[in-house]
Asks: 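Here it is: the structure, laid out below.
First listed ligand is number 1; within each ligand, the first listed atom is number 1.
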Amino acid sequence: MSRLLVCPPDFFGIEYEINPWMRLSNRVDHERAVLQWHGLMSVFENDLGVVLERMTPVAGLPDLAFTANAGVVVGRTAVVSRFRYPERQREEAHFEDWFRGHGYDVITLEKGQFFEGAGDLLGFPECWFGGYRQRSDIRVFPILSERFHREIIPLELIDSRFYHLDTCFCPLSGGELLYFHAAFDLYGQIAIAERIPNERRLSVPEDEALKFACNAVCVGKHVVLPSGCPTTERLLQARGYQTHSVPLDEFMKSGGSAKCLTLALD
Ligand code: ARG
């Protein structure tokens with residue numbers, strides 16, 4: 001049984017610009033955003049039987065809905081995020097309270113050790129990958145690697161449109177990787193290829209990467225992804241995954257989609 005942390009988008013909106021997708025002039029249609037969020041939740045709960053833990057939204061924190069950035073959960077331990085931008089640093093205490101209130105052992109990093117949670121740390125059971133430069137700092141990965149006894153391969157994010165690792169990199173339950181190769185430099189592409197053989201890499205075309213095809217949630221043999229990515233859906237279906245596409249364009253205005261709106265709790 002999968003459990004995901006989510007936060008209703010009651011106060012979601014564009015109130016600042018901290019990534020190339022966000023434009024103050026590109027206002028969110030709030031009613032539409034709420035409907036899209038509930039559509040996504042319905043797929044998780046009703047179609048896939050996922051258990052959703054709902055955080056209480058907070059006025060004045062428009063990005064709290066992106067719970068992928070709460071931190072990262074490993075067993076009963078949670079590492080709380082340290083956001084790069086002051087606009088999102090105000091979320092840290094709320095995520096920390098949630099983890100503490102739900103019985104997690106909480107690890108907090110030092111101030112200035114930027115780490116944006118499951119937005120930038122993803123992987124397979126044995127080998128993890130850490131995206132850095134845009135948001136998280138490469139220096140947190142050795143700390144987490146030692147703490148959790150896992151190898152973490154650092155991947156530099158070279159394109160500011162793909163500013164979190166989860167915008168361009170999605171490990172799947174069968175060991176395959178859905179990714180957009182051009183978001184990484186040659187060194188990163190080679191590091192990925194060394195760990196994941198060619199036949200297990202599913203390469204997303206640029207036009208669909210820009211619709212956040214890689215910002216997908218894999219639950220067993222199901223993949224939930226934003227609508228408008230037919231090539232990606234075919235790639236997944238050819239590997240035996242059942243795809244569930246959900247319109248989430250209101251959240252794209254903030255630079256997020258399906259995966260950003262969830263945090264895996266197990
Ligand atoms: N507006 C948010 C930000 O720029 C979007 C976060 C998306 N989250 C993610 N895991 N990619 O921080």
Side-chain angles (χ1 to χ4, degrees), residues 4-28 30 33 36-37 40 55 57-58 60-73 78-92 94-95 114-123 128-137 140 155 157-171 178-180 183-184 204 209-218 224-226 229 246 248-265:
L4 297 174
L5 175 65
V6 298
C7 178
D10 296 23
F11 305 104
F12 172 65
I14 312 296
E15 294 176 17
Y16 43 77
E17 299 177 356
I18 57 170
N19 69 53
W21 303 88
M22 302 176 90
R23 288 282 162 264
L24 285 167
S25 56
N26 192 17
R27 291 178 54 98
V28 165
H30 195 260
Q36 292 185 343
W37 188 85
L40 177 67
M55 249 183 87
V58 179
L61 297 179
D63 277 339
L64 202 66
F66 297 113
T67 50
N69 302 123
V72 81
V73 170
V79 184
V80 188
S81 288
R82 285 275 184 215
F83 287 94
R84 181 171 293 272
Y85 292 106
E87 289 88 340
R88 293 204 68 185
Q89 286 168 5
R90 295 175 290 131
E91 298 175 34
E92 292 170 9
H94 295 276
F95 289 135
F114 300 128
F115 172 60
E116 300 205 354
D120 274 332
L121 185 61
L122 295 168
W128 296 351
F129 294 85
Y132 71 94
R133 191 176 114 185
Q134 307 284 339
R135 295 295 184 86
S136 297
D137 191 308
V140 299
L155 296 174
L157 300 173
I158 59 165
D159 181 332
S160 61
R161 296 170 302 175
F162 302 100
Y163 59 94
H164 276 140
L165 185 61
D166 69 1
T167 62
C168 51
F169 187 98
C170 178
L178 187 69
Y179 79 128
F180 177 53
F184 305 96
V204 163
L210 288 168
K211 289 180 179 154
F212 278 177
C214 300
N215 201 250
V217 184
C218 182
V224 183
L225 75 172
C229 305
V246 181
L248 290 166
D249 47 286
E250 290 301 328
F251 295 92
M252 291 274 314
K253 294 176 179 173
S254 188
S257 194
K259 163 62 171 51
C260 305
L261 293 166
T262 67
L263 177 70
L265 294 174

Asks: Only counting residues at least two apart or in another chain, list the ones meeting side-chain hydrogen bond (donor to acceptor under 3.5 Å, both in side chains) with Q89.
Replies: none

Asks: Identify, with sequence neighbours excluded, every residue that meets salt bridge (charged side-chain N to carboxylate O under 4.0 Å, His left out) alongside E87.
Replies: none

Asks: Between atom CG of L263 and atom SG of C7, what is the distance when rounded to the nearest 0.5 Å?
Replies: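 Spacing of CG (L263) from SG (C7) equals 12.0 Å.
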
Asks: Using a 4.0 Å cut-off on heavy atoms, what residues surround ligand 1? Order them by chain and number.
Replies: I18, N19, M22, D63, F66, A68, N69, R88, G119, R135, Y163, H164, D166, T167, S254, G255, C260

Asks: If the plane angle is over 60° it's perpendicular, under 30° parallel, otherwise tilted; pick one for F162 and F180.
Replies: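 Because their plane-to-plane angle lies in the 30° to 60° range, the rings of F162 and F180 count as tilted.
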
Asks: Once the angle between the rings of F169 and F129 is folded into 0 to 90°, is it parallel (under 30°), tilted (30 to 60°) or perpendicular (over 60°)?
Replies: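 Tilted, since the angle between the ring planes falls between 30° and 60°.
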
Asks: Can you give the donor-acceptor pairs under 3.5 Å from side chains of residues 254-261 to other protein atoms, not counting sequence neighbours?
Replies:
unit_1: S254; atom_1: OG; unit_2: D63; atom_2: OD1; d: 3.1
unit_1: K259; atom_1: NZ; unit_2: A118; atom_2: O; d: 3.0
unit_1: K259; atom_1: NZ; unit_2: D166; atom_2: OD2; d: 3.2

